[in-house]
Every structure is written in C-alpha cells, then in structure tokens.
**Q** 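Here's a structure for you.
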Amino acid sequence: MKNYKPAPDLLKDRVILVTGASDGIGAAAAKSFAAHGATVVLLGRSIRKLEKVYDAIEQSGAPQPAIYPMNLEGAAPKDYEELAVTLEQEFGRLDGLLHNAALLGTLTPLEQYDLEQWAKLMQVNLHAPFLLTRAVLPLLKKSTDASVLFTSSSVGRKGRAYWGAYGITKAACENMMEIWADELETNTPIRVNSIDPGAVRTTLRAKAYPGEDPNTLRRPEEIMAVYLYLLGPDSRGTNGQRTSAQ
Ligand SMILES: NC(=O)c1ccc[n+]([C@@H]2O[C@H](COP(=O)([O-])OP(=O)(O)OC[C@H]3O[C@@H](n4cnc5c(N)ncnc54)[C@H](OP(=O)(O)O)[C@@H]3O)[C@@H](O)[C@H]2O)c1
C-alpha cells in the first residue's frame, strides 16, 4: 500500500468530504484528492484557512471544491443533519469521508487531566466523527463505492503515559471504525478503515514534540499514497482494517 502508484484520474467523479481540511494532513489530503479528480468538500473551523486551500485547488485546475465551515467543538446533531441536507442538495451522494480533524490538548497525567479539555477532545475527536458518519450515511449508501476513513495514531493503538484524552479518543475511534465496518459490510457499498499517519511535519506534531527538528519528519504531501489507495476503487473489499501511512 505504501508504494501504491495511483492513476492520475483515480478519484474522478467522486465527492469526498475532508474534516480538518484547513491545515496539515487534511489540507494535503484535500489537495491530493482533488488533484486525482475528486470534488472535495473542505470542512473546518477557519474560513480564512479553508479559503487558502480552496484557492490552491482552484488554481491547480482540479475540480472546483466546496467549503463547509463548521466548528466541531460546538456542533450539535442538528448541525450534522444540516450538513447532510446541503450535501444532498449539492451533490446527491457522498463517495468518501476522511475523518481527519483532531485536537491534541496538553499532554498531562490522567490524575491531573483538565476536565474541560477532556470534554472538548471527546467532542471534536470522538463525538464529531460518530455524529458525522451517522448523518451522512444515507448519502454514502447512494454511492456505488464509498469509503470512510478514520484517522488514528500510535497512541490510539497502544496507550502511552500523558497522552490522556487524545489517546483515548483515538483508541475509541479505532473501535468505532470496526463496529461501522462490521455493521455495513453486508448490503451496503461502504467500506470503513482507519489510518495512522505516523510522524508527520504539522502543527499538531510540533506541539506534541516541541524539541524535535521538524526537518527530520515527512511532510503531509509525502504520505498520501495509502490515503489515495483507501479512498479510491483499488481498495474495494478492504474493510475494518487498521492501516498505517508510513
Ligand atoms: N502529525 C502527526 O504526526 C500525526 C500523528 C498521528 C496522528 N495524527 C492525526 O492526523 C490528523 C491530522 O493531524 P495534523 O497533524 O494534520 O494536525 P493539524 O495540522 O493540527 O490539523 C488539524 C486539523 O483539524 C482541524 N480542527 C481542529 N479542531 C477543530 C474543530 N473544533 N472543528 C473543525 N476543525 C478542527 C484544524 O483546524 P484549524 O486549522 O482551524 O486548527 C486542522 O485543520 C489528526 O487526526 C491527528 O490526530 C497526526
């Protein structure tokens, strides 16, 4: 998968929603999906940052993307329903969903973990991907080949001291991915998997490892092969898998 060579038009005619598309891995994924022919819906909380990604995609000559501003921290179930209605009106279906947005929080021992931060991370990293998947399920069912991808982390696959709610929400997302995959395996066109990006040069990584030289890390653009594989038709039949980008 890591050496996968995607066809230039791999995602032609696919509509793919990317959360946290304003920065880091999500911005790179959105650009990469668009470069391979997808119409990308850019979801994020900062319109200004989303517009930069939008402009880059538009200027590249890729299919025109769409922006959907949404702060996952304060979003209620009705906001996800509204998003689904808008997508239905604009596109009629959804072929891909990348759950990428996440908050790191401050690395702290569980004993002293701040409860406000706990609630915030649960909301953005765990409740949001659940509510969003549920809201757009009817649209994914309208696709002939839909792929949902959850973003995990090494600390979601093995608990590690001080990673607190971040690690716990990532572990829960892995389990949620497996439940969705199992439930949707029969009688739907939807496959559901997770991806651990590995160490990548982003704001989140720099916050977690302030002493690290970012130049030793891969850039988000360099880890896109597995993302493209999982969002495109070549991964048909891959379901319920915990994958890694590096
Ligand atoms: N980088 C790594 O080494 C690494 C390793 C393992 C896993 N991951 C995972 O990879 C994914 C992407 O991380 P990244 O490193 O690219 O991080 P990043 O650069 O901090 O980007 C995170 C994205 O999520 C968005 N986001 C955060 N809170 C949000 C909210 N309340 N509502 C809407 N959007 C929100 C951010 O928006 P703003 O631009 O407005 O902040 C940004 O677009 C995450 O799931 C992360 O856990 C990363």
Side-chain angles (χ1 to χ4, degrees), residues 17-32 40-54 56 65 67-76 79-80 83 97-107 116-117 119-132 148-160 163-174 176-177 193-224 226-227 230 242-246:
L17 173 62
V18 178
T19 71
S22 60
D23 209 342
I25 296 167
K31 289 178 196 166
S32 181
V40 184
V41 182
L42 310 165
L43 187 151
R45 60 184 168 177
S46 160
I47 296 180
R48 184 185 54 80
K49 287 174 79 175
L50 289 171
E51 277 173 351
K52 276 177 74 178
V53 179
Y54 180 99
I67 287 183
Y68 200 91
M70 187 163 173
N71 187 340
L72 300 174
E73 193 184 322
D79 299 311
Y80 294 94
L83 165 60
L97 170 57
L98 172 60
H99 292 295
N100 165 83
L103 287 176
L104 175 72
T106 307
L107 303 193
E116 214 170 290
Q117 174 171 286
K120 204 195 257 194
L121 265 69
M122 289 294 151
Q123 188 64 23
V124 174
N125 298 4
L126 181 58
H127 299 164
F130 165 62
L131 292 167
L132 178 55
V148 178
L149 188 56
F150 285 85
T151 306
S152 188
S153 162
S154 58
V155 295
R157 292 182 176 171
K158 169 89 178 76
R160 200 183 307 156
W163 285 78
Y166 179 82
I168 292 165
T169 55
K170 291 295 180 183
C173 278
E174 294 271 28
M176 173 161 52
M177 173 278 286
N193 296 284
S194 69
I195 188 165
D196 168 13
V200 186
R201 200 188 307 174
T202 67
T203 310
L204 185 145
R205 175 79 191 184
K207 197 176 162 211
Y209 295 90
E212 184 176 63
D213 176 3
N215 295 316
T216 60
L217 304 174
R218 294 236 186 128
R219 290 180 295 113
E221 297 74 26
E222 295 175 279
I223 61 150
M224 286 299 132
V226 182
Y227 283 82
L230 290 167
R242 300 177 172 208
T243 72
S244 300
Q246 304 189 49

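Remember, it's 1-based here, ligands and their atoms both numbered in the order they're listed.
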**Q** Which atoms of ligand 1 sit under 4.0 Å from any heavy atom of Lys49?
**A**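 In order of number, 38 (P), 39 (O), 41 (O).
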**Q** Among protein heavy atoms, which sits nearest to atom 31 (N) of ligand 1, and what does the distance come to when rounded to 0.1 Å?
**A**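 Protein heavy atom at minimum distance: Asn71 OD1, 2.9 Å.
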**Q** Would you say that Thr202 contacts Asp23 through its side chain, given a criterion of any heavy-atom pair below 4.5 Å between the two side chains?
**A**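 A side-chain contact under 4.5 Å is absent here.
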**Q** List the closest protein heavy-atom neighbour of atom 6 (C) of ligand 1: residue, atom name, distance to the nearest 0.1 Å.
**A**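 Going by distance alone, atom 6 (C) of ligand 1 is nearest to Pro197 CD, 3.7 Å.
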**Q** How close does the nearest protein non-hydrogen atom get to atom 25 (C) of ligand 1, and which residue and atom is it?
**A**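 Its nearest protein heavy-atom neighbour is Gly20 CA, 3.6 Å.
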**Q** Considering only heavy atoms from C-beta outward, does the side chain of Val18 approach that of Tyr227 to under 4.5 Å?
**A**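 Not touching, per the 4.5 Å side-chain cut-off.
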**Q** Please verify whether a non-hydrogen atom of Gly198 lies at under 4.0 Å from ligand 1.
**A**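 In this structure, Gly198 qualifies as a contact of ligand 1 - some heavy atom is under 4.0 Å.
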**Q** Is Val226 close to Leu230 at the side-chain level, that is, under 4.5 Å between some pair of heavy atoms?
**A**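 Yes. Closest side-chain heavy atoms under 4.5 Å.
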**Q** Side chains of Ile168 and Trp163, heavy atoms from C-beta outward: is any pair under 4.5 Å?
**A**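 Of all side-chain heavy-atom pairs linking Trp163 with Ile168, none is under 4.5 Å.
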**Q** Do any nitrogen or oxygen atoms of Leu72 lie less than 3.5 angstrom from nitrogen or oxygen atoms of ligand 1?
**A**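 In this structure, Leu72 places an N or O atom under 3.5 Å from an N or O of ligand 1.
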**Q** For residues Ile25 and Met224, report the shortest heavy-atom separation together with the two atoms involved.
**A**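 Nearest pair, atom of Ile25 first, then Met224: O-CE, 3.9 Å.
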**Q** Quick check: Ser46 and ligand 1, any N/O pair under 3.5 Å apart?
**A**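 No, no N or O pair falls under 3.5 Å.
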**Q** For the 3.5 Å polar cut-off, considering only N or O atoms, please tell me whether Gly44 and ligand 1 meet it.
**A**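 Among all N and O atoms of Gly44, none is under 3.5 Å from an N or O of ligand 1.
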**Q** Drop me the distance from Asn215's CG to Arg201's CZ, to the nearest 0.5 angstrom.
**A**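 So the CG of Asn215 and the CZ of Arg201 are separated by 5.0 Å.
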**Q** At their closest point, which heavy atom of Asn100 faces which heavy atom of Thr151, and how far apart are they?
**A**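 So the two residues come closest at CA-OG1, 3.5 Å.
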**Q** Closest by any non-hydrogen atom to atom 28 (N) of ligand 1: pick that one out of Arg45, Arg218, Arg201, Gln123.
**A**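 It is Arg45 whose heavy atom sits nearest to atom 28 (N) of ligand 1.
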**Q** Answer yes or no for Lys170: is there a heavy-atom contact with ligand 1 below 4.0 Å?
**A**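 Lys170: in contact with ligand 1 (<4.0 Å).
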**Q** Shortest non-hydrogen contact from Pro65 to Tyr54?
**A**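 So the two residues come closest at O-CE1, 3.2 Å.
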**Q** Heavy-atom distances under 4.0 Å are what count here, so tell me which part of Met70 touches ligand 1: side chain, backbone, both or neither.
**A**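 The part of Met70 near ligand 1 is the backbone, not the side chain.
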**Q** Can you pull out the closest protein heavy atom to atom 3 (O) of ligand 1? Residue, atom name and distance to 0.1 Å, please.
**A**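 For atom 3 (O) of ligand 1, the nearest protein heavy atom comes out as Val200 N, 2.9 Å.
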**Q** Tell me, please: is Ser152 in heavy-atom contact with ligand 1, that is, under 4.0 Å?
**A**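 In this structure, Ser152 qualifies as a contact of ligand 1 - some heavy atom is under 4.0 Å.
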**Q** Using modelled atom types and a 3.5 Å cut-off, is there a donor and acceptor pairing between side-chain atoms of Ser32 and backbone atoms of Ala28?
**A**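 The answer is no, because no donor-acceptor pair under 3.5 Å joins these two groups.
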**Q** Among Leu217, Ile223, Leu204, whose heavy atom sits nearest atom 13 (O) of ligand 1?
**A**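 Ranked by closest heavy atom to atom 13 (O) of ligand 1, first place is Leu204.
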**Q** For Ser194 versus Glu174, what's the shortest heavy-atom pair and its separation?
**A**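 It is OG-OE1, 2.6 Å.
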**Q** Could you tell me, atom by atom, which parts of ligand 1 come under 4.0 Å of a heavy atom of Ala199?
**A**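 Those qualifying, in numeric order: 3 (O).
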**Q** Could you walk me through whether Arg205 and Glu212 pass salt bridge (charged side-chain N to carboxylate O under 4.0 Å, His left out), step by step?
**A** CA-CA 9 Å; Arg205 175 79 191 184; Glu212 184 176 63; 2.7 Å; yes
**Q** Counting only heavy atoms, which portion of Val124 has something under 4.0 Å from ligand 1: side chain, backbone, both, or neither?
**A**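 Side chain only.
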**Q** Go through ligand 1 atom by atom and flag the ones less than 4.0 Å from a non-hydrogen atom of Arg205.
**A**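 Within the 4.0 Å cut-off of Arg205, ligand 1 contributes 1 (N), 3 (O).
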**Q** Tell me which one of Thr19, Thr151, Asn100 gets a heavy atom nearest to atom 12 (C) of ligand 1.
**A**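 That would be Asn100.
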**Q** Is there a side-chain contact between Leu126 and Met176 in this structure, where contact means two heavy atoms from C-beta onward sitting under 4.5 Å apart?
**A**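 Heavy-atom side-chain distance check passes, below 4.5 Å.
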**Q** Less than 3.5 Å between some nitrogen or oxygen of Tyr166 and one of ligand 1, yes or no?
**A**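 Yes; at least one N/O pair falls below 3.5 Å.
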**Q** Would you mind running through ligand 1 and noting each atom that sits below 4.0 Å from a heavy atom of Glu73?
**A**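 Checking each atom against Glu73, I get 31 (N).
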**Q** For atom 22 (C) of ligand 1, which of the options Ser22, Ala102, Pro220 provides the nearest non-hydrogen atom?
**A**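 Residue with the shortest heavy-atom distance to the ligand atom: Ala102.
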**Q** Can you check whether Ser153 has an N/O within less than 3.5 Å of an N/O in ligand 1?
**A**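 No; every N/O pair is 3.5 Å or more apart.
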**Q** Among protein heavy atoms, which lies nearest atom 14 (P) of ligand 1, and at what distance?
**A**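 Going atom by atom, the protein heavy atom closest to atom 14 (P) of ligand 1 ends up being Thr202 OG1, 3.6 Å.
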**Q** Any idea which atoms of ligand 1 are less than 4.0 Å away from a heavy-atom of Gly24?
**A**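 Contacts of ligand 1 toward Gly24, numbered from 1: 16 (O), 19 (O).
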**Q** For ligand 1, indicate whether the residue Leu103 contacts it via side chain, backbone, both or neither (heavy-atom separation under 4.0 Å).
**A**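 Near ligand 1, Leu103 shows its side chain, while the N, CA, C and O stay back.
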**Q** Do you know the tightest heavy-atom contact between Ile223 and Pro197?
**A**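 Closest approach of Ile223 to Pro197: CD1-CB, 4.0 Å.
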**Q** Note the single closest protein heavy atom to atom 16 (O) of ligand 1, along with its residue, its atom name and the distance in Å.
**A**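 In this structure, atom 16 (O) of ligand 1 has Ile25 N, 2.8 Å as its nearest protein heavy atom.
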**Q** Could you grab the distance from atom NE2 of His99 to atom CG of Leu17, nearest 0.5 Å is fine?
**A**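 That separation rounds to 8.0 Å.
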**Q** Heavy atoms only: give me the nearest Lys170-Gly156 pair and the separation to one decimal.
**A**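 For Lys170 and Gly156, the tightest heavy-atom pair comes out as CB-CA, 3.7 Å.
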**Q** Roughly how far, to the nearest 0.5 Å, is CD of Glu51 from CG of Leu42?
**A**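 Interatomic distance, Leu42 CG to Glu51 CD, rounded to 0.5 Å: 10.5 Å.
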**Q** Is Ala101 in polar range of ligand 1, meaning some N or O pair under 3.5 Å apart?
**A**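 The answer is no, given that Ala101 and ligand 1 share no N or O pair closer than 3.5 Å.
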